[in-house]
Structures are given as C-alpha cells and as structure tokens.
Amino acid sequence: MATLRFQALKETLNRKPIEIEEKERRSELFGRNVFTESVMRQFLTKEAYQSVLEANATGKKIDRTIADHISTGMKEWAISKGATHYTHWFQPLTGSTAEKHDAFFETIGDGLAIEKFGGGQLVQQEPDASSFPHGGIRNTFEARGYTAWDPTSPAFIYGTTLCIPSVFVSYTGDALDYKTPLLRALQAVDSAATDVAKYFDKNVNKVQATLGWEQEYFLIDSALAASRPDLTLAGRTLLGHSPAKGQQLDDHYFGSIPSRVLAYMRDLEKECMLLGIPVKTRHNEVAPNQFELAPIFEEANLAVDHNSLLMDIMQRVADRHSFVVLFHEKPFAGINGSGKHNNWSLSTDTGVNLLGPGSTPMKNLQFLTFFINTIKAVHDNEELLRATIASASNDFRLGANEAPPAIISTFIGSQLTEVLDELEKVTDGKLSPQEKTELKLNVVGKIPEILLDNTDRNRTSSFAFTGNKFEFRAVGSTANCAEPMTALNSIVAKQLIDFKKEVDSLIKGKKMKKDDAIFNVLREYIKESKNIRFEGDGYSEEWEKEAAKRGLSNNRNTPEALKALVKKETIEMYRELGVMNEVEIEARHEIELEEYIMRVQIESRILGDIARNHVIPTAIRYQNILIKNVRGLKEIFEADYETHSKEQLEIIKEVSRHIEKINSGITEMIEARKKANKIEEAEEKAFAYCNEVKPFFETIRYHCDKLELLIDDEIWPLTKYRELLFTR
C-alpha cells in the first residue's frame with residue numbers, strides 16, 4: 001500500500017494541464033445542443049411550435065397528434081447534431097439522474113431499416129421501476145413505472161444521445177422522483193403569489209420562482225483518490241490526521257486558480273455552454289483544493305435540471321483531466337465542507353423581482369409583503385426546511401467550519417431589522433395620515449438605499465436575505481435542489497394564501513383600505529415570526545441556548561430531522577396544495593431513512609476494513625522495526641540498553657495501546673451493527689445506527705490518526721491529508 005501511495009504521488013506530480021481551445025465566443029456556443037425556441041421554429045410546424053409554448057406557459061397538455069409532429073422535428077434536429085439514441089432523462093429518488101437509451105433505429109423488413117421516433121415515444125416511456133427506491137409505494141411484482149416528458153425543460157443532446165427531461169411516476173400515478181413534486185409546488189406558488197401581486201399590479205398574470213445555486217466541490221487527482229479506499233467507496237476520508245497547514249492563512253480563498261484546475265474549469269464551462277447551463281462564476285473556495293462555480297439565475301425547475309446535469313458533466317470532464325470530483329459535504333475533517341447555496345426569489349411576468357425593492361413606496365410595500373411572508377413561512381416551517389437538507393453526509397457539515405448550524409434561522413441585517421421594528425409599531429386598524437406619510441417616506445421609501453450597502457452575508461445563517469433574494473445556505477453539496485425547493489415554494493405558497501385571506505377579510509369585513517389591511521396583517525406577522533430572526537454567530541453556545549428559549553428546533557442528526565416530513569401539519573399542507581399525497585410523503589420518509597442507514601453501514605464496514613487491513617498491520621510492522629532496534633541496542637549496550645532505548649520502548653507501548661483501542665472499537669462497532677441490523681422498523685433502525693454505531697467512528701479514527709503521527713512515513717499506506725490537499 002505504501003508503494004501505491006508513492007506511485008500515486010509520482011503520477012500526480014508528473015501531470016501537465018490539458019490544453020483547452022476556445023476558438024468561439026461563449027455566446028455563440030450557448031445552447032447549441034439544446035432544443036431551444038429558435039431551433040423549434042426551424043424544425044417544427046407552426047402548430048407544433050405553438051403547442052409547446054402553450055404547454056410551457058399554461059401547463060396545457062399536448063395532443064398526441066401534435067406530439068408526433070414534435071417528435072419528428074426533434075428527431076431530425078438530433079440526428080443532424082450526430083445523435084443516434086434518445087432517452088427519457090429523469091431524477092429518481094436515488095439522488096442522481098437516470099436514463100435508458102433507445103436507438104432511433106428500427107427494422108421494417110426485407111433487410112431494411114429506418115430512423116424512427118414517434119410522439120408516443122416522446123411523451124411516455126416505461127422503464128422497469130423495481131430497482132429504484134419507492135418506499136413501499138408498490139410491490140416488486142408491480143414494477144411498472146412511467147416517465148413522461150416535461151416540456152417546460154428543453155430537450156438536449158449529451159454525447160450522441162437526445163435527452164428528454166421527464167417526470168417519473170408509479171403505475172398508480174404516485175411520484176417516484178424529485179421533479180414531479182417540484183413542478184406541483186411551483187404551480188402552487190405561482191397561483192398564490194400572482195393573487196397577492198395583483199394587490200400592487202393588476203397586469204401580473206404569472207409568477208415564477210427563480211433559483212441560482214452555488215456548487216462547491218473538491219478536486220483531487222484521480223491517482224491520489226484511488227489510493228484511498230475510503231474516498232473511492234464513501235466519497236470522504238474516514239481517517240487521516242490534519243496537516244500542519246490547513247486553511248488557517250486564508251491563502252486559498254479567491255487565490256490564483258491552479259493551472260490544471262483552470263484547464264478543467266475551462267473545459268467544463270465549454271460543455272456547460274453547449275448544454276445551455278449559464279455558468280458565470282468560478283473561484284477558489286476557503287479550503288485547499290476546494291472550488292466553486294455558480295450560474296446566472298433561472299426558472300427553478302430548469303435550474304434544478306441544470307444542476308443535476310452539471311454534477312454528471314463535472315465527473316465526466318474531471319475524468320478527462322485525471323481528477324475526481326468530491327461532492328461530499330465533509331470529505332476532510334478540520335476544514336470547510338461543501339454546500340450548495342440555493343438563492344431563491346420570485347419574479348413576475350411583468351419583469352419585477354418581488355423580493356427586490358422599487359423606486360416608489362408602493363413597490364416597496366410589495367417587496368415588504370413578500371419579504372415578511374417568506375420569513376413567516378420559514379418561522380412556521382423551520383423543522384420541515386431542516387428535514388429537506390438532512391442526510392448522513394450533511395450531518396458532518398452543519399455546525400462546523402463556517403457552515404450553518406442545524407438550527408434554521410433567518411438573517412436580514414440590522415437595517416432591515418430596524419424597518420421591521422418600525423412596521424411593528426403600526427396602529428391596529430386604520431392608519432392616520434401622519435402614520436401613512438411617515439411609513440411611506442421614512443420607512444418604506446428608504447428601503448432601496450438601506451439595501452444598497454447593508455446586504456452583508458452571515459456565513460452562519462442558514463437562510464439569509466442578500467439584497468434581492470433569500471439564500472438557503474444549509475443545503476448540502478450532494479443534494480438535489482428539488483427537495484428544498486419543493487418545500488420552500490410550498491410553504492411560501494401556503495403562507496401567501498393565508499395572507500390574502502386575512503387581508504381580504506379586513507378589506508371586506510372591516511371596510512379597511514387595501515394599504516391599511518396589508519400593514520395590519522404584516523405587523524402581526526412581524527411579531528409572530530420574530531423568533532426566527534437572528535443576526536449573531538450561529539456557532540455559539542449562547543445562540544443554541546437562545547434558540548431553545550425561542551422554541552426553535554435543533555435537530556442535529558438526520559433521523560431526528562426527518563420526523564418533520566411526516567408530521568400531520570406537513571402532510572396536510574402538501575395535500576391541500578396538491579404537491580404530494582400522504583403515500584408519497586411517507587414513501588420519501590422511508591427512502592431517506594433507508595439511505596441514512598445504508599450510508600452509515602457502508603462507512604462502518606469501510607472503516608473497519610481499513611483499520612484492520614491497513615493501519616494495524618502497518619503499526620505491527622513498525623513495532624517490529626523498533627523491537628529489532630531495541631534488540632540491537634541490547635547487544636551493544638547490554639545491561640545499560642534501557643537507557644539508550646527508552647523512547648523506542650515507549651513508542652512500542654504506545655503503538656500497542658492504539659492497536660488495542662482500534663481493534664476493540666471495531667469489535668464493539670460490529671456488535672452494535674449486528675444488533676441494529678435485527679431491527680425491522682426503519683426509523684428505530686436509523687436511530688440505532690446514529691446513536692449506537694456511528695459514535696465508534698470518532699474513537700477508531702482518533703487512534704488511527706495518532707498512529708499516523710507515530711509511524712514511519714515511508715511505510716504509512718494511506719495517502720495523507722497534506723498530499724491530498726496540497727498536491728496540485
């Protein structure tokens with residue numbers, strides 16, 4: 001193993017950056033392999049083209065006859081671009097994308113063949129659903145599942161395959177994917193937000209949720225990654241002593257991008273341009289060998305598709321550059337983990353960002369309406385939001401090294417806090433002329449200038465307002481954005497529905513003017529949601545105590561956090577909005593518990609294997625070297641040998657102590673795992689793995705890492721942190 005480590009280091013040090021040619025402007029490359037509206041105009045009939053546009057705008061179903069015209073045009077375009085196959089590209093509950101390729105090729109007899117792709121094949125396929133997570137939605141013998149085309153997300157060509165973004169549902173019509181509930185949630189927030197936006201502009205007919213994700217990741221040379229069984233199998237290091245230099249000097253953040261990494265980024269960005277993924281920003285992150293890329297905002301459904309596609313592209317491009325991409329939220333202990341910050345807002349079809357201040361008091365009242373309602377929604381549903389970002393891997397990140405804590409809170413800045421404090425003083429009932437003037441001129445009217453210089457980010461806030469959007473920072477880097485976006489859009493939709501009912505009740509029942517009614521309701525929401533607002537350090541013990549006083553949850557682990565998914569209030573909200581039914585919700589809960597169990601189980605097995613098959617034998621080998629040395633000293637110095645071998649003898653004893661702790665820890669961990677495996681019920685089993693199995697990880701790791709410091713570097717088998725993080 002030590003030989004493998006040094007071979008990997010040698011191979012890494014000898015690599016050169018790959019030359020990436022960029023002969024065309026990015027604007028010319030952008031969307032070249034996407035079935036865009038401009039492409040549709042060329043390849044579709046006028047009727048087919050209008051049908052797709054109507055489906056995008058209103059959700060109107062496309063007639064099967066029209067679908068035949070669309071499929072023919074799509075096929076001709078794809079073949080002209082070199083495509084030979086097509087697939088329904090979907091996002092099952094595995095956390096990755098899925099695809100089954102079929103050729104356009106079909107025989108017609110007499111040894112002849114044609115390229116064929118009909119409307120039926122475009123609109124629907126029937127992959128076997130038996131091997132995808134389903135959470136008990138259907139029996140194995142009812143394995144049939146259906147993928148159905150989502151025309152709101154454009155088809156694209158990846159390699160030589162036409163990819164058709166699709167939803168994935170069971171034989172009974174229940175959602176088996178991330179996209180279906182997201183589309184329903186987006187429809188719900190569109191309807192609710194449009195109704196409220198009409199208070200301020202009667203011309204608003206549609207509201208879109210927008211999303212801009214920020215993808216953090218680590219890049220490790222493929223040879224170095226292959227020398228670590230834990231990185232290969234778990235995506236993170238299960239042991240490894242921290243290097244003397246980590247991220248203390250902040251010298252990596254926004255620093256000069258290493259040449260090999262820059263070549264990778266340029267290659268990646270070229271692929272993204274072809275597929276219409278509008279990546280714009282790239283930079284070094286805080287930790288060594290950690291980086292980030294971010295796109296321009298898009299409609300939320302398309303943004304989710306693009307992020308899922310991007311993660312696949314990143315791995316494929318990395319392979320060309322002899323890199324491995326680590327998406328795990330905490331691949332290395334003691335330094336920053338990786339998140340996927342979800343920047344969310346709402347935009348009207350009239351071109352207005354509802355979370356952006358305007359040039360008039362009325363526009364700013366509109367901003368405050370959506371701003372305060374969002375905070376109220378987060379306050380009332382903070383446990384649900386925490387549940388949507390829960391995973392075995394994100395548990396390692398939350399609350400450590402600049403990541404947000406497990407407590408969900410909102411950060412809005414001191415200036416906006418003052419604005420809300422002023423609004424809280426609004427008179428109950430009709431406002432006096434003086435109050436209206438003061439509010440509009442001194443409070444509401446000044447919001448744009450307040451936001452101009454006071455939109456600082458709080459890195460420890462899980463849900464921060466950053467000028468014209470909210471940034472959900474607690475989302476993990478491996479996550480599919482659809483899950484937190486489904487929850488966020490749903491809770492905001494529900495909140496806006498309740499808000500409109502209350503305002504209309506005051507207008508009709510108490511004959512209040514619209515502005516007075518809005519101010520009165522917002523005032524109550526400010527009071528009711530005050531507890532979720534926090535401007536300080538999320539890491540502090542003081543905040544944990546304060547959060548507990550405020551009644552905020554602090555669900556530190558995934559099994560505890562996931563309980564919120566199946567609370568009566570959650571099920572009722574999703575059912576009312578038509579986002580998910582009880583069967584779909586409970587299935588997801590079951591799937592996520594099973595995922596957690598399997599992740600911890602796999603890591604437990606990997607750790608036991610590495611510790612017993614790599615670390616302990618190496619420790620014994622080093623002990624034998626020391627024993628041989630002591631015997632030699634005894635031959636030379638005879639009775640006085642202990643004086644000259646005192647340190648060696650102490651190290652021999654220390655190595656033995658660590659070996660004993662490692663071995664006994666593994667034995668106890670295996671016994672705990674056996675007991676956990678006998679448990680039938682998923683939640684109880686998940687808690688057993690969390691509370692009885694997982695605690696052994698730290699104990700075993702501690703003693704392995706101590707041995708790494710003691711044992712001769714020449715024989716240590718595992719590539720060390722200093723090599724993984726600083727070999728470029």
Side-chain angles (χ1 to χ4, degrees), residues 31-92 97-129 144-173 175-177 179-180 183-184 187 275-276 299 301-302 305 309:
R32 184 175 291 176
N33 290 344
V34 182
F35 198 59
T36 59
E37 286 189 23
S38 61
V39 173
M40 282 192 272
R41 287 194 196 97
Q42 296 176 49
F43 284 86
L44 299 186
T45 62
K46 185 177 180 180
E47 188 180 10
Y49 172 68
Q50 288 299 329
S51 184
V52 175
L53 293 188
E54 283 182 31
N56 288 345
T58 65
K60 182 180 177 182
K61 288 187 176 181
I62 295 173
D63 183 85
R64 280 300 180 100
T65 307
I66 299 297
D68 282 330
H69 293 299
I70 297 169
S71 64
T72 300
M74 199 181 283
K75 177 197 71 178
E76 292 305 315
W77 168 74
I79 290 173
S80 74
K81 304 285 289 182
T84 58
H85 290 68
Y86 65 92
T87 183
H88 273 205
W89 181 83
F90 58 103
Q91 299 166 45
T97 58
E99 51 199 69
K100 182 185 76 170
H101 297 192
D102 286 306
F104 291 123
F105 169 85
E106 193 164 308
T107 57
I108 56 174
D110 294 329
L112 300 174
I114 58 170
E115 275 83 23
K116 186 178 179 182
F117 178 56
Q121 293 161 311
L122 166 65
V123 172
Q124 183 175 300
Q125 280 193 317
E126 192 179 317
D128 181 356
R144 191 181 302 170
Y146 296 99
T147 51
W149 173 36
D150 169 21
T152 64
S153 185
F156 57 91
I157 294 170
Y158 192 25
T160 58
T161 304
L162 171 65
C163 299
I164 302 156
S166 304
V167 299
F168 181 43
V169 297
S170 71
Y171 177 70
T172 55
L176 290 170
D177 66 344
K179 180 186 272 277
T180 303
L183 289 172
R184 295 168 181 165
Q187 190 174 8
L275 291 165
E299 185 276 323
N301 177 44
L302 182 57
D305 280 1
L309 177 58

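Note that these values count all heavy atoms, side chains included, but never hydrogens, waters or copies made by symmetry.
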Q: Out of curiosity, Ile164 CD1 to Gln124 CD, how far, rounded to the nearest 0.5 Å?
A: 12.5 Å

Q: Rounded to the nearest 0.5 Å, what's the gap from CG on Leu44 to CZ on Phe35? Could you check?
A: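 Between atom CG of Leu44 and atom CZ of Phe35 there are 4.0 Å.
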
Q: What's the separation between atom OG1 in Thr84 and atom CG in Asp102, rounded to the nearest 0.5 Å?
A: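 Between atom OG1 of Thr84 and atom CG of Asp102 there are 11.0 Å.
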
Q: Does Thr87 reach the main-chain N or O of Lys100 with its side chain, forming a donor-acceptor pair under 3.5 Å?
A: yes

Q: For Thr36, is there any backbone N or O sitting under 3.5 Å from a side-chain donor or acceptor partner on Ser38?
A: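 Judged by distance alone, no pair lies under 3.5 Å.
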
Q: How would you list, by chain and number, every residue that makes a salt bridge (charged side-chain N to carboxylate O under 4.0 Å, His left out) with Lys61, sequence neighbours excluded?
A: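 Once residues adjacent in sequence are excluded, Lys61 has no partner under the salt bridge (charged side-chain N to carboxylate O under 4.0 Å, His left out) criterion.
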
Q: Within the distance-only criterion (no hydrogens, no angle test), does the side chain of Thr72 pair as donor or acceptor with the backbone N or O of Asp68 below 3.5 angstrom?
A: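 The answer is yes, because a donor-acceptor pair under 3.5 Å joins these two groups.
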
Q: Please tell me if the side chains of Trp77 and Met40 come closer than 4.5 Å, counting only heavy atoms from C-beta onward.
A: no

Q: Measure the CG-CD1 distance between Asp63 and Ile70 for me, rounded to the nearest 0.5 Å.
A: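 Asp63 atom CG to Ile70 atom CD1 measures 9.5 Å (nearest 0.5 Å).
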
Q: Measuring only between side-chain heavy atoms, which start at C-beta, is Lys179 closer than 4.5 Å to Ser153?
A: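 Yes, at least one pair of side-chain atoms sits under 4.5 Å.
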
Q: Counting C-beta onward and ignoring hydrogens, is there a side-chain heavy-atom pair between Leu162 and Lys75 closer than 4.5 Å?
A: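 No. Closest side-chain heavy atoms not under 4.5 Å.
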
Q: With sequence neighbours excluded, tell me which residues meet side chain to side chain contact (heavy atoms under 4.5 Å, CB included) with Glu76.
A: Phe43

Q: Between Asp150 and Val167 (side chain of the first, backbone of the second, donor and acceptor by atom type, cut-off under 3.5 Å), is there such a pair?
A: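 No: the side chain of Asp150 does not pair with the backbone of Val167.
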
Q: Taking only residues two or more places apart in sequence, or in another chain, which ones meet Tyr86 in a ring pair (Phe, Tyr, Trp, His ring centres under 6.0 Å)?
A: Phe104, Phe117

Q: When rounded to the nearest 0.5 angstrom, what distance separates CG in Leu122 from NE2 in His88?
A: 6.0 Å

Q: Could you list the residues that satisfy side-chain hydrogen bond (donor to acceptor under 3.5 Å, both in side chains) with Glu54, not counting sequence neighbours?
A: Lys60

Q: Tell me every residue that passes ring pair (Phe, Tyr, Trp, His ring centres under 6.0 Å) with Phe156, counting only those two or more places apart in sequence or in another chain.
A: Trp89

Q: Report, as yes or no, whether the 6.0 Å neighbourhood of atom CD on Glu299 holds more than 12 heavy atoms from other residues, nucleotides or ligands.
A: yes

Q: Check the surroundings of atom NZ in Lys116: do more than 12 heavy atoms from other residues, nucleotides or ligands lie under 6.0 Å from it?
A: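 Incorrect, the count does not exceed 12.
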
Q: Do Thr152 and Pro165 make a side-chain contact, defined as non-hydrogen atoms from C-beta onward lying under 4.5 Å apart?
A: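 Thr152 does not reach Pro165 side chain to side chain.
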
Q: What residues, two or more places apart in sequence or in another chain, satisfy side-chain hydrogen bond (donor to acceptor under 3.5 Å, both in side chains) together with Asp177?
A: Thr180

Q: Are the side chains of Thr161 and Glu99 in touch, meaning some heavy atoms are under 4.5 Å apart?
A: no

Q: Within a strict 4.5 Å, meaning less than it, do heavy atoms of the Asn301 and Leu183 side chains meet?
A: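 Asn301 vs Leu183: side chains touch.
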
